[in-house]
Student: 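So that we are looking at the same thing, I have put the structure below in structure tokens.
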Amino acid sequence: MAKDEIIYDFIAIERKWQEFWEKENTFKAEDNSQKPKYYALDMFPYPSGAGLHIGHPEGYVASDIIARYKKACGFNVLHPMGWDAFGLPAEQYAIKTGTHPSLTTQTNVDNFRRQIKSIGFAIDWEREINTTDPSYYQWTQWIFLKLFQRGLAYVDEKPVWWCPNLRAVLANEEVVDGKSEVGNHPVERRNLRQVVLRITSYAEKLLQGLDDLDWPDSTKRQQKAWIGRSEGAEVEFPIDGQDDTLTVYTTRPDTLFGATYMVIAPEHPLLEKLVNSPKKEEVNNYVQMAAKKSDLDRTDLAKNKSGVFTGSYCINPINGERIPVWVADYVLISYGTGAIMAVPAHDERDYEFAKKFGIEIKRVIANLNECSEKSKLPYSGDGVMINSNEYDGMEASACKEKIIADLEAKAMGKGAVNYKLRDWIFSRQRYWGEPIPLVWVSEADYENSKAVDGVLKNLIPEDPVTTNKDGHTLYALPLPPTELPLKLPEVENYQPSGTGESPLATISDWLEIWFDLESGKSISHKEPKPDGKNWVPATRETNTMPQWAGSCWYHLRYIDPKNSHSLVSRENEAYWGGPDFYIGGAEHAVLHLLYARFWHRFLYDEGVLTNPEPYKKLFHQGLILGEDGNKMSKSIGNVVNPDVVIDAYGADSLRLFEMFLGPLEAVKPWSEKGIEGVHRFLRKVHRECHNASKHCDGEETNKETLRILHETILKVTESIEDLRFNVAISQMMILGNHLQKVDSYSVNTAKKLLQLLAPFAPHLAEELWEELGGISSIVNESWPKAKKELLVNEEITIVFQVNGKLRGQGQFPKDADKNTILTVAKQDEKVMSFLENKEIVKEIYVPGKLVNFAVKP
RNA sequence: GCCCGAGUGGCGGAAUUGGUAGACGCUGCGGACUUAAAAUCCGUUUCCAGUAAUGGAGUGAGGGUUCAAGUCCCUCCUCGGGCACCA
């Protein structure tokens with residue numbers, strides 16, 4: 001090796017090209033382009049104080065490879081980045097230190113941006129967004145007001161998770177096994193006033209929309225399960241001796257004859273009427289005990305059923321039988337009608353309950369597979385109706401519709417659909433979130449606002465949104481869009497108020513206002529009341545939005561990030577549409593991805609957008625584990641810092657290695673030795689491109705080199721399309737190894753390799769492209785095309801098998817015919833030894849591949 | 001408990017519609033270059049038997065279909081993920 005070999009100075013090379021791209025604005029996405037568009041989106045990060053984790057770049061590199069590849073294929077590419085910067089950690093830090101969350105956020109964002117830039121992504125930084133920027137959250141608030149206007153937002157007392165340590169309300173998804181996800185503190189139930197979004201009215205659309213999406217199956221399945229659609233019937237059970245009827249929901253109307261008791265949830269409104277006086281005390285005690293139980297307790301005790309007989313009976317509408325009504329907390333008030341008919345013979349839970357309390361168990365479906373009416377109970381499968389009067393002998397599944405129709409005819413029931421999906425508790429009792437742009441006024445002022453000919457008139461929902469405060473009913477009015485953004489006020493103390501309300505509730509200057517019913521303008525109540533009869537006293541909503549809000553629509557803002565007139569212009573929306581590719585962690589399979597679909601569909605219904613679904617193609621990158629195979633964590637001390645890796649090996653090596661680790665979707669461990677391997681490959685490419693003595697001008701003449709080159713072009717192209725980057729890299733290594741072995745090769749061959757490598761290791765590719773006399777930037781070159789005619793060898797290798805076992809092989813011209821090959825194969829020495837004294841039963845020839853002789857002795 | 005997904009060398013992982021299992025990388029071992037080291041290059045590395053040629057076994061386990069199975073079918077085991085009183 002020559003002593004004056006040029007070393008691969010990745011630090012200088014990477015700095016040079018990052019500056020070049022920035023100066024040239026290389027990755028600017030054009031809004032007014034004749035080219036077809038391609039929009040590659042990453043789930044944007046929460047800029048934490050800990051800085052970039054080695055897992056972050058995995059998805060970003062993948063989308064960057066696609067972005068750069070699509071650019072080479074002639075697309076106008078949008079690959080943006082931004083910050084999901086509202087959230088609990090900055091607020092917790094503020095509570096501890098008094099530092100304003102916006103300062104913490106700014107510092108963290110700067111650090112994240114520096115780190116991300118150091119990896120050399122093809123990002124259009126002019127489109128950077130930040131959810132905490134008022135010019136961004138103005139539109140988050142705008143969307144909320146639209147939802148409010150359409151009656152999709154309401155206020156309700158809801159039991160929520162309260163964490164005394166964090167002094168904050170947590171969402172269901174932030175509570176894991178009865179502990180807070182952040183910090184692992186105990187949590188308890190509290191009833192608090194909440195703003196709720198009616199996502200349930202989109203249940204059907206959200207379910208059906210899944211069918212057309214190119215998403216991982218598991219994610220679609222999770223969303224389907226979360227929405228939880230079921231079909232069945234609502235059946236009316238008259239209460240014996242009263243005028244009321246108890247309505248139940250069941251998915252098994254075919255088992256109606258098997259109902260031997262009823263259960264209502266402890267919170268059911270009819271409970272009081274159903275309780276007979278001798279039972280009153282017992283029932284009251286039970287209800288109180290159930291109310292004290294948290295959901296966790298209910299879940300923990302899932303298998304240990306409890307309940308109390310109310311003393312009342314219902315009449316089975318199908319056969320007139322009297323059925324006892326029980327109250328039990330295994331029936332949930334929030335699902336269906338909050339009451340069930342219990343069929344212990346064909347439902348596991350009812351069976352368990354009936355066994356415990358000695359209630360009759362009556363089989364009405366025969367299991368045909370077990371050939372016996374005495375097969376094991378409970379039985380929930382298909383079968384034939386028995387003990388069901390006129391329905392006996394019918395197929396149970398077919399009987400469902402028949403019974404529903406018969407009940408409908410008698411006005412005793414109807415077909416019904418239910419969803420597990422619950423409405424979305426949208427408020428957080430926190431400081432660091434988007435303020436909810438509502439104000440609360442008296443009933444009289446609310447009525448007045450509808451009469452006044454002002455901006456509010458058309459922004460108010462059909463049904464008023466109300467809440468109770470200190471015995472008074474207050475009415476919600478929206479701020480008009482012209483008053484947005486409603487900015488977060490400065491606050492002295494970031495602690496939530498002791499009552500569980502947001503810190504905003506403690507700032508009376510901001511909280512209490514004069515509000516103009518005509519213009520929607522507001523001023524602090526500290527100011528004198530302005531002239532004009534429409535100025536009324538009001539209080540602001542103190543809740544803020546959850547972190548999900550900003551991420552529900554950020555994919556739209558990148559399309560038109562600086563628009564101050566609308567969240568996205570019609571022209572830009574029409575051109576860019578939604579992301580063509582979306583990548584992020586599987587942990588967002590349900591929540592973020594469902595909420596974003598909800599908002600996007602809503603905006604589509606409002607005519608703001610042209611497509612109902614936000615993310616056509618979705619991919620989840622797999623977790624990168626520590627070298628020890630454990631999840632990276634500070635406490636184990638197996639965390640890999642990307643800054644350190646870049647210092648030691650360069651950004652190109654980091655990029656290449658994250659893709660070489662294994663399949664993109666797989667969970668896979670980091671390896672220090674592994675990154676040395678890919679780094680060695682980049683050095684090899686660098687060395688070969690500087691090895692001028694091996695370079696020839698003109699087209700490549702070595703046939704083998706040509707074949708491998710075009711094989712590589714083909715395989716890399718296909719692999720990028722299929723997101724199998726590890727395979728693409730292997731193939732480039734094969735080409736690299738080959739170039740190293742041959743005496744000489746065309747500069748064109750090396751340049752083609754650089755083009756293939758450019759999406760993966762862009763800095764080195766740019767540098768060597770320039771060294772080899774390439775003009776301008778390599779990102780402007782169009783993607784190489786594989787010539788398939790070069791892929792075929794002049795000679796083909798045919799494998800000889802006897803009974804499927806490899807016994808020899810031979811070289812043949814590529815157009816050799818079957819008989820020639822079979823003849824040669826039979827004369828092969830080794831093959832002959834296995835054919836001796838045996839009868840050939842069958843001769844198989846797979847063109848271009850193999851021959852196989854099936855023999856028997 | 002229910003629903004998915006995955007099990008391939010010492011390790012990460014490759015293998016078109018069933019058609020040469022172990023590409024590529026790492027590690028280990030041996031060698032070249034060097035005063036020495038680094039760097040680089042060459043060879044070797046699934047297991048068993050054998051000095052070798054070679055033979056046999058082999059893709060979690062056991063069956064099956066087929067000329068041919070990592071790939072298709074059945075049963076089971078292990079690991080990972082999701083759901084978990086939703087009637």
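Chain naming here is simple, since letters A, B, ... match the order of the sequence lines and numbering starts at 1 in each. Note that the coordinates shown come from a computational prediction; the quantities given were computed from them, not determined experimentally.
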Student: Looking at B:rU40, I'd like to know if its phosphate oxygens (OP1 or OP2) sit under 4.0 Å from a side-chain N or O belonging to A:R683.
Tutor: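 Answer is yes, contact under 4.0 Å.
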Student: Please classify the glycosidic conformation of B:rG64 as syn (within 90° of 0) or anti (everything else).
Tutor: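 Anti conformation for B:rG64.
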Student: For B:rG5, which nucleotide is its Watson-Crick or G-U wobble mate, given both distances must be under 3.5 Å?
Tutor: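 B:rC79 - that is the nucleotide pairing with B:rG5, both distances being under 3.5 Å.
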Student: Could you tell me how far B:rA57 sits from B:rA21 if I compare only their P atoms? Round to whole Å.
Tutor: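 After rounding to an integer number of Å, I get 13 Å for this pair.
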Student: Would you say A:N418 reaches B:rA87's phosphate, i.e. side-chain N/O to OP1/OP2 under 4.0 Å?
Tutor: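 Result: no.
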Student: Within the structure, does a side-chain N or O atom of A:Q801 lie under 4.0 Å from either OP1 or OP2 of B:rC67?
Tutor: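 Answer is no, no contact under 4.0 Å.
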Student: What's the closest nucleotide to the side chain of A:R687 if the choices are B:rG25, B:rA87, B:rU40?
Tutor: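 Nearest nucleotide to the side chain: B:rU40.
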Student: For a quick check of understanding: with a heavy-atom distance under 4.0 Å over all strands, which category does A:R422 fall into, base, sugar-phosphate or nothing?
Tutor: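 Contact class for A:R422: base.
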Student: Confirm from the modelled atom types if A:K305 and B:rC85 form a donor-acceptor pair under 3.5 Å, side chain to base only.
Tutor: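 Check passes, donor-acceptor contact within cut-off.
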Student: Can you tell me which nucleotide in B:rA15, B:rC41, B:rU20 comes closest to the side chain of A:R724?
Tutor: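 Closest nucleotide among those given: B:rA15.
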Student: Hey, does A:Q731 reach any base, or is it just sugar-phosphate, or nothing, if we go heavy atoms under 4.0 Å?
Tutor: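 Counting heavy atoms under 4.0 Å across all strands, no contact is made by A:Q731.
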Student: Just jot down the salt bridge (Lys or Arg N to Asp or Glu O under 4.0 Å) partners of A:D347, sequence neighbours excluded, or say none.
Tutor: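 Expected list: A:R349.
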Student: Once you round it to whole Å, what is the distance between P of B:rA69 and CG of A:N803?
Tutor: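 After rounding, the gap between these two atoms is 10 Å.
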Student: For B:rC26, give the paired nucleotide (Watson-Crick: N1-N3 plus N6-O4 or O6-N4; G-U: N1-O2 and O6-N3; both under 3.5 Å), or none.
Tutor: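 Pairing partner: B:rG10.
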Student: Both distances under 3.5 Å, Watson-Crick or G-U wobble: report the partner of B:rU65, or none.
Tutor: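 Because no pair has both required distances under 3.5 Å, B:rU65 counts as unpaired.
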Student: What about the rings of A:F353 and A:Y261, do their centers lie closer together than 6.0 Å?
Tutor: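 Yes; A:Y261 has its ring centre under 6.0 Å from that of A:F353.
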Student: What I want to find out is whether A:E204 reaches A:R229 closely enough, with some N-O distance under 4.0 Å, to be called a salt bridge.
Tutor: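 Salt bridge: yes.
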Student: Heavy-atom count check: over 12 atoms from other residues, nucleotides or ligands less than 6.0 Å from A:E627 CD?
Tutor: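 Yes, enclosed.
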Student: Is A:N726 touching bases, backbone alone, or none of the nucleic acid, heavy atoms closer than 4.0 Å?
Tutor: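 The residue A:N726 makes sugar-phosphate contact but no base contact.
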Student: Quick one: do A:K830 and A:D828 make a salt bridge, cutoff under 4.0 Å?
Tutor: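 Here A:K830 does not pair with A:D828 in a salt bridge, since their nearest N and O are not under 4.0 Å apart.
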Student: Quick one: look up who B:rU34 pairs with, Watson-Crick or G-U, both distances under 3.5 Å, and put none if it's unpaired.
Tutor: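 Base-paired to nothing in any strand shown.
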Student: Nearest-nucleotide wise, let me know which of A:D350 and A:A854 is further upstream toward the 5' end of RNA chain B.
Tutor: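 Whichever sits nearer the 5' end wins; that is A:A854.
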Student: Go through B:rC83, B:rG12, B:rC41 for me and flag the one nearest to the A:K668 side chain.
Tutor: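 Closest of the options to the side chain of A:K668: B:rG12.
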Student: Taking a pair as Watson-Crick or G-U wobble with both distances under 3.5 Å, which nucleotide is matched to B:rU16?
Tutor: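 Across any shown strand, B:rU16 pairs with none.
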Student: Looking at residues 335-342 of chain A, who's got a heavy atom less than 4.0 Å off RNA chain B?
Tutor: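 Contacts with RNA chain B under 4.0 Å: A:Y335, A:I340.
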Student: Out of B:rG82, B:rC83, B:rC42, which has the shortest distance to the side chain of A:W226?
Tutor: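 Of B:rG82, B:rC83, B:rC42, B:rC83 is nearest to the side chain of A:W226.
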Student: Just by distance, no angles: are the side chains of A:E231 and A:T251 close enough, under 3.5 Å, to form a donor-acceptor pair?
Tutor: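 Side-chain D/A pair, A:E231 to A:T251: absent.
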Student: Just checking A:F10 against A:H686, ring centres under 6.0 Å apart?
Tutor: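 Centroid separation for A:F10 and A:H686: 6.0 Å or greater.
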Student: Write down the distance between CG (A:L625) and C1' (B:rC11), rounded to a whole number of angstrom.
Tutor: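 Answer to the nearest Å: 14 Å.
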Student: Calculate the interatomic distance between A:N737 atom CG and B:rU40 atom P; express it in whole Å.
Tutor: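 Taking CG of A:N737 and P of B:rU40, I get 13 Å after rounding.
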Student: Does B:rU20 have OP1 or OP2 under 4.0 Å away from a side-chain N or O of A:R807?
Tutor: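 Checking A:R807 against B:rU20: no side-chain N or O falls below 4.0 Å of OP1 or OP2.
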Student: Do A:K684 and A:N737 get their side chains close enough for a donor-acceptor pair, meaning under 3.5 Å?
Tutor: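 Result is yes, a qualifying pair exists.
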Student: Indicate, with a heavy-atom threshold strictly under 4.0 Å, whether A:I844 touches base, sugar-phosphate, or nothing.
Tutor: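 A:I844: base contact, heavy atoms under 4.0 Å.
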Student: Specify the separation, in whole Å, of atom CD of A:E627 and atom P of B:rG12.
Tutor: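 It works out to 12 Å between those atoms.
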Student: May I have the distance from A:F725 (atom CZ) to B:rA14 (atom P), rounded to whole angstrom?
Tutor: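 Taking CZ of A:F725 and P of B:rA14, I get 14 Å after rounding.
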Student: Quick check for you: among B:rU40, B:rG13, B:rC41, whose closest atom lies nearest to any side-chain atom of A:R680?
Tutor: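 Nucleotide nearest to A:R680's side chain: B:rU40.
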Student: With nearest nucleotides of RNA chain B determined for A:K805 and A:S671 from heavy-atom distances, which residue corresponds to the more 5′ nucleotide?
Tutor: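 Its nucleotide being nearer the 5' end, the pick is A:S671.
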Student: Rounded to whole angstrom, note down the P distance from B:rG19 over to B:rG25.
Tutor: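 My reading of the P atoms in B:rG19 and B:rG25 gives 24 Å.
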Student: Checking A:N638 side chain against A:S633 main chain: does a donor-acceptor pair fall under 3.5 Å?
Tutor: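 At least one qualifying donor-acceptor pair exists.
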Student: Under 4.0 Å, counting only non-hydrogen atoms across every strand here, what does A:L850 touch: a base, just sugar-phosphate, or nothing?
Tutor: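 Here A:L850 touches the bases of the nucleic acid.
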Student: Report the base-pairing partner of B:rU51 (Watson-Crick or G-U wobble, both distances below 3.5 angstrom), or none.
Tutor: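 Base-paired to nothing in any strand shown.
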Student: Considering non-hydrogen atoms only, spot the tightest contact between A:I54 and A:M632 and give its length.
Tutor: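 Shortest heavy-atom contact: CG2-CE, 3.3 Å.
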Student: To the nearest Å, give me how far apart NZ (A:K849) and C1' (B:rU16) are.
Tutor: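 After rounding, the reported distance stands at 7 Å.
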Student: Taking A:K694 for its side chain and A:Q740 for its backbone only, find out whether a donor-acceptor pair lies under 3.5 Å.
Tutor: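 Confirmed, A:K694 side chain pairs with A:Q740 backbone.
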Student: Looking only at atom C1', what distance separates B:rA14 and B:rU59, rounded to whole Å?
Tutor: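 B:rA14 and B:rU59 have their C1' atoms separated by 13 Å.
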Student: Rounded off to whole Å, could you give me the CG-to-P distance for the A:N852 and B:rA69 pair?
Tutor: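 To the nearest whole Å, that distance equals 10 Å.
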Student: Checking all strands, does A:K830 fall into the base, sugar-phosphate, or nothing category for heavy-atom contacts under 4.0 angstrom?
Tutor: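 Sugar-phosphate contact only.
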Student: May I ask you to verify if any side-chain N or O of A:S230 is less than 4.0 angstrom from the OP1 or OP2 atom of B:rA87?
Tutor: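 Checking A:S230 against B:rA87: at least one side-chain N or O falls below 4.0 Å of OP1 or OP2.
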Student: Can you measure A:K673 atom NZ to B:rG12 atom P for me and round it to whole angstrom units?
Tutor: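 Those two atoms, NZ and P, are 17 Å apart.
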Student: Is there a Watson-Crick or G-U wobble partner for B:rA39 with both distances under 3.5 Å, and which nucleotide is it?
Tutor: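 Across all strands, not a single nucleotide pairs with B:rA39.
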